[in-house]
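What follows is one structure encoded as structure tokens, with my remarks underneath.
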Amino acid sequence: MPELPEVETVRAGLDRFVTGRTIESVEVLHPRAIRRHVAGAQDFADQLKGRTITGTRRRGKYLWLPLDDDAAIIGHLGMSGQLLVQPAEAPDETHLRVRFTFDDGGPQVRFVDQRTFGGLSVSPGGAELPDELAHIARDPMDPLFVDEEFVAALRRRRTDVKRALLDQTLISGVGNIYADEALWRAGLHGNRPTEKITRPAARRLLGHVRDVLNEALGQGGTSFDALYVNVNGESGYFDRSLNVYGRSGEPCRRCAALVRREAFMNRSSYSCPKCQPAPRQTRVRSVG
DNA sequence: AGTTGCCCCTGCGCGC
DNA sequence: TGCGCGCAGGGGCAAC
């Protein structure tokens with residue numbers, strides 16, 4: 001569920017509550033929530049006990065908390081994960097998976113995840129980029145993201161442009177909502193083959209991706225329901241600014257044609273039939 | 001080697 | 001009211 005703006009909102013919210021605090025204990029209430037930590041729940045808790053969190057970082061949809069021993073706690077929210085700051089006396093959430101308590105007796109950090117697609121792990125390399133995240137491309141908010149490298153890499157792909165936007169090894173942080181919104185702004189149908197996107201069109205698309213991510217971040221992200229909230233349990237407001245996502249059958253805000261929904265990889269894509277005409281011919285797939 | 005589907009889960013809203 | 005179905009902000013990984 002959460003894409004870059006939502007994850008960044010969570011990271012920023014977490015920062016002042018965790019930086020400089022020392023972990024007293026870690027309670028794993030559901031093993032699936034730490035499945036990426038292959039050594040298991042006991043090892044996860046043992047490694048973290050007594051460690052001090054030195055800050056908060058993010059790349060794409062992943063965030064991590066560097067520790068005083070150069071490892072880091074990595075967090076991914078999946079579709080329904082939350083990181084909440086809660087007083088010790090707050091009742092356990094229904095889907096509470098992991099609880100962190102600190103030696104100052106202050107608020108706990110809780111990982112709550114209804115569907116358990118998200119999870120936590122401990123990985124070395126926390127100061128720069130945890131080893132586990134080596135395959136994740138820089139996101140477009142990263143000062144070291146190189147636009148022209150993205151443009152070239154996009155055009156080298158042999159896939160459809162929406163699939164490329166969702167590929168976290170090409171560009172990270174973009175998910176189903178913001179891919180659809182950026183494609184609408186760019187006037188491109190998601191099924192357009194990447195090799196036919198011109199360099200200027202690719203640059204424009206990247207600009208729209210950046211714009212929509214920034215605007216959503218300014219609104220605290222997109223919340224359709226109680227599943228996405230910040231560390232204090234508050235919703236974001238970008239849902240009011242969505243132009244196509246989830247607006248099937250409603251008028252396009254640019255041309256009033258009715259927004260269409262198309263099946264896409266067991267999910268949905270939303271687009272304007274006039275502003276984003278489907279490519280005449282779908283990508284030719286190599287055979288044999 | 002690059003690309004494509006499947007599948008992991010829980011809950012909600014809808015139609016019958 | 002109750003059941004079954006489809007759908008949901010993601011990504012790893014086996015199979016082509």
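Each chain gets a letter, A, B and so on, in the order its sequence line appears, and its residues count up from 1.
Using cut-offs of 30° and 60° on the angle between ring planes, the pair Y62(A) and H135(A) is perpendicular.
Y178(A) comes within contact range of no nucleotide atom at all, as no heavy-atom separation falls under 4.0 Å. Contact annotation for R35(A): no contact, since no heavy-atom pair falls under 4.0 Å across all strands. Contact annotation for R36(A): backbone-only contact, meaning every heavy-atom pair under 4.0 Å involves sugar-phosphate atoms and none involves a base.
Pair check for dT1(C) finds none; no Watson-Crick or G-U wobble contact set falls under 3.5 Å.
Between Y62(A) and the phosphate of dG12(C), there is a side-chain N or O to OP1/OP2 separation shorter than 4.0 Å. Between H95(A) and dT10(B) there is no side-chain N or O to OP1 or OP2 distance below 4.0 Å. Taking side-chain N and O atoms only, Q114(A) has no distance below 4.0 Å to OP1 or OP2 of dG11(B). Under 4.0 angstrom from either OP1 or OP2 of dG11(C) there lies no side-chain N or O belonging to H135(A). Note on T159(A): a side-chain N or O is less than 4.0 Å away from OP1 or OP2 of dT4(B).
Spacing between atom CG of D167(A) and atom C1' of dG10(C) amounts to 13 Å, rounded to whole angstrom units. The CZ-C1' distance, from R157(A) to dT4(B), rounds to 13 Å in whole Å. One interatomic measurement links the two molecules: CE of M265(A) to C1' of dC13(C), which rounds to 13 Å at whole-angstrom precision. Protein atom CG of L227(A) is 14 Å distant from nucleotide atom P of dT10(B), rounded to whole Å. Atoms CD1 (I171(A)) and C1' (dG11(C)) sit 17 Å apart, rounded to a whole Å. Whole-Å rounding puts the F224(A) CZ to dA8(C) P distance at 10 Å. For M79(A) and dC9(B), the CE to C1' distance is 10 Å, given to the nearest whole Å. Nucleotide dA8(C) holds its C1' atom 15 Å from the CG atom of L166(A), rounded to whole Å.
Residues R210(A) and D147(A) are paired through a salt bridge, judged by an N-O separation under 4.0 Å between the basic side chain and the carboxylate.
Straight-line distance between the P atoms of dG11(B) and dG11(C): roughly 22 Å, to the nearest whole Å.
In this structure, F117(A) counts as stacked on the base of dC8(B) under the 5.5 Å centre distance and 30° plane angle limits.
Nearest-nucleotide assignment on DNA chain B puts the 5′-proximal partner with R163(A), out of R163(A) and R32(A).
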Inset, instruction - Quick one: do R59(A) and D139(A) satisfy salt bridge (Lys or Arg N to Asp or Glu O under 4.0 Å)? Show the steps, please. - result: CA-CA 6 Å; R59(A) 173 177 280 200; D139(A) 63 63; 5.9 Å; no
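Distances were taken from every side-chain heavy atom of P2(A) (C-beta onward) to each of dG10(C), dC6(B), dC7(C); the shortest belongs to dG10(C).
Between the side chains of E262(A) and H189(A), at least one donor-acceptor pair of N or O atoms lies under 3.5 Å.
Checking side-chain atoms of Q168(A) against main-chain N and O of G173(A) turns up a donor-acceptor pair under 3.5 Å.
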